[in-house]
Amino acid sequence: QVQVLESGGGLVQAGDSLRLSCTTSGSTAINYAMGWFRQPPGKERQFVAAISRTGDEIAVADSVKDRFTFSKDNPKNTVTLQMNSLKPEDTAVYYCAAKDTYRLTVYYTGVSEYDYWGQGTQVTVSS
């Protein structure tokens, strides 16, 4: 059974930075394409960033493209979402997801494409 575990959320002020980390237990990160999604209050879950199994192919949503960075460290079994210059509209529950795929260099941006999800971590940005 694969578990996806997120950490690093919290309450910050606008302009601050946060780093979210995610690990997969039960299997190593190299086996999965990974993604970050977020769900603002009262809204649907939305794509934030995605990365391929190898970590070489990355996609980031336009709304956060210049502020968020997504990386994968397969030996450490960890993916990291570095969030800089946070804005109040970034407030949401952030979810890490893993997709079991044989494709090494493909990332996935759809909620329905992922097989495993973490519990979510709250990020609150005050103005």
Side-chain angles (χ1 to χ4, degrees):
Q1 180 72 20
V2 175
Q3 287 188 314
V4 178
L5 306 169
E6 306 111 334
S7 62
L11 171 63
V12 297
Q13 293 187 332
D16 286 350
S17 298
L18 271 178
R19 179 177 296 177
L20 304 184
S21 295
C22 175
T23 61
T24 55
S25 65
S27 187
T28 56
I30 185 64
N31 293 330
Y32 301 98
M34 305 291 292
W36 281 100
F37 294 79
R38 66 186 184 185
Q39 189 162 13
K43 296 185 179 180
E44 294 187 348
R45 198 167 296 189
Q46 56 190 224
F47 168 72
V48 176
I51 197 164
S52 64
R53 280 181 58 184
T54 60
D56 294 327
E57 302 296 325
I58 301 171
V60 182
D62 288 342
S63 59
V64 302
K65 199 169 190 176
D66 297 327
R67 301 182 292 117
F68 290 12
T69 303
F70 193 19
S71 60
K72 194 171 193 260
D73 188 336
N74 283 320
K76 293 186 178 179
N77 211 35
T78 299
V79 293
T80 300
L81 183 69
Q82 178 66 43
M83 306 186 294
N84 299 326
S85 301
L86 283 161
K87 303 176 180 180
E89 52 262 43
D90 295 318
T91 294
V93 178
Y94 283 71
Y95 295 92
C96 182
K99 177 174 177 64
D100 193 354
T101 176
Y102 65 91
R103 296 180 172 181
L104 294 174
T105 58
V106 176
Y107 56 76
Y108 301 85
T109 61
V111 171
S112 61
E113 296 182 286
Y114 284 84
D115 302 302
Y116 307 102
W117 290 84
Q119 299 271 17
T121 185
Q122 177 70 45
V123 172
T124 303
V125 185
S126 63
S127 58

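Just so we're clear, the structure is a prediction, and the values are computed from it rather than from any experiment.
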Quick one: closest heavy-atom pair of [X] and [Y], and the distance?
X: S127; Y: A14; value: CA-CB, 4.4 Å
X: V125; Y: K87; value: CB-O, 3.3 Å
X: A97; Y: V4; value: N-CG1, 4.5 Å
X: V12; Y: L86; value: CG2-CD1, 3.8 Å
X: Q122; Y: T124; value: NE2-OG1, 3.2 Å

> Just wondering, more than 12 heavy atoms not from Q119 lying within 6.0 Å of its CD?
Replying inline: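 Open: at most 12 neighbouring heavy atoms sit under 6.0 Å from CD of Q119.
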Would [X] end up clustered with [Y] when hydrophobic side chains under 4.5 Å apart are linked, directly or stepwise?
X: V48; Y: Y95; answer: no
X: W36; Y: Y32; answer: yes
X: V2; Y: V111; answer: no
X: M83; Y: I58; answer: yes

Check: [Y] and [X] side chains under 4.5 Å, non-hydrogen atoms:
X: D90; Y: F68; value: yes
X: T121; Y: S7; value: no
X: E6; Y: Y94; value: no

How far does [atom1] of [X] sit from [atom2] of [Y], to the nearest 0.5 angstrom?
X: I51; Y: R53; atom1: CD1; atom2: CZ; value: 13.0 Å
X: N77; Y: K72; atom1: CG; atom2: NZ; value: 8.5 Å
X: N84; Y: R67; atom1: CG; atom2: CZ; value: 9.0 Å
X: E89; Y: R38; atom1: CD; atom2: CZ; value: 8.0 Å

> Looking at residues at least two apart in the chain, or sitting in another chain, which of them share a side chain to side chain contact (heavy atoms under 4.5 Å, CB included) with T69?
Replying inline: Q82
> Listed by chain and number, what are the side chain to side chain contact (heavy atoms under 4.5 Å, CB included) partners of S71, not counting sequence neighbours?
Replying inline: T80
> Going by the salt bridge (charged side-chain N to carboxylate O under 4.0 Å, His left out) test, which pairs reach into residues 91-115, not counting sequence neighbours?
Replying inline: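 Applying salt bridge (charged side-chain N to carboxylate O under 4.0 Å, His left out) to every pair that reaches into residues 91-115, excluding sequence neighbours, yields nothing.
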> Name the one of L18, L81, V93 that satisfies side chain to side chain contact (heavy atoms under 4.5 Å, CB included) with V123?
Replying inline: L18
>> Which residues pass the ring-ring contact (aromatic ring centres under 6.0 Å, His included) test with F37, not counting sequence neighbours?
In response: F47, Y114, W117
> Sequence neighbours excluded, which residues qualify as side chain to side chain donor-acceptor pair (under 3.5 Å) partners of Y108?
Replying inline: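 Y108 satisfies side chain to side chain donor-acceptor pair (under 3.5 Å) with T101 once adjacent residues are dropped.
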>> For the backbone of Y107 and the side chain of S52, can you confirm whether one donor and one acceptor N or O come within less than 3.5 Å of each other?
In response: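 Between the backbone of Y107 and the side chain of S52 there is no qualifying donor-acceptor contact (under 3.5 Å).
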>> Suppose clustering is done on Ile, Leu, Val, Met, Phe, Trp and Tyr with side-chain heavy atoms closer than 4.5 Å. Which residues sit in the same group as L5?
In response: none
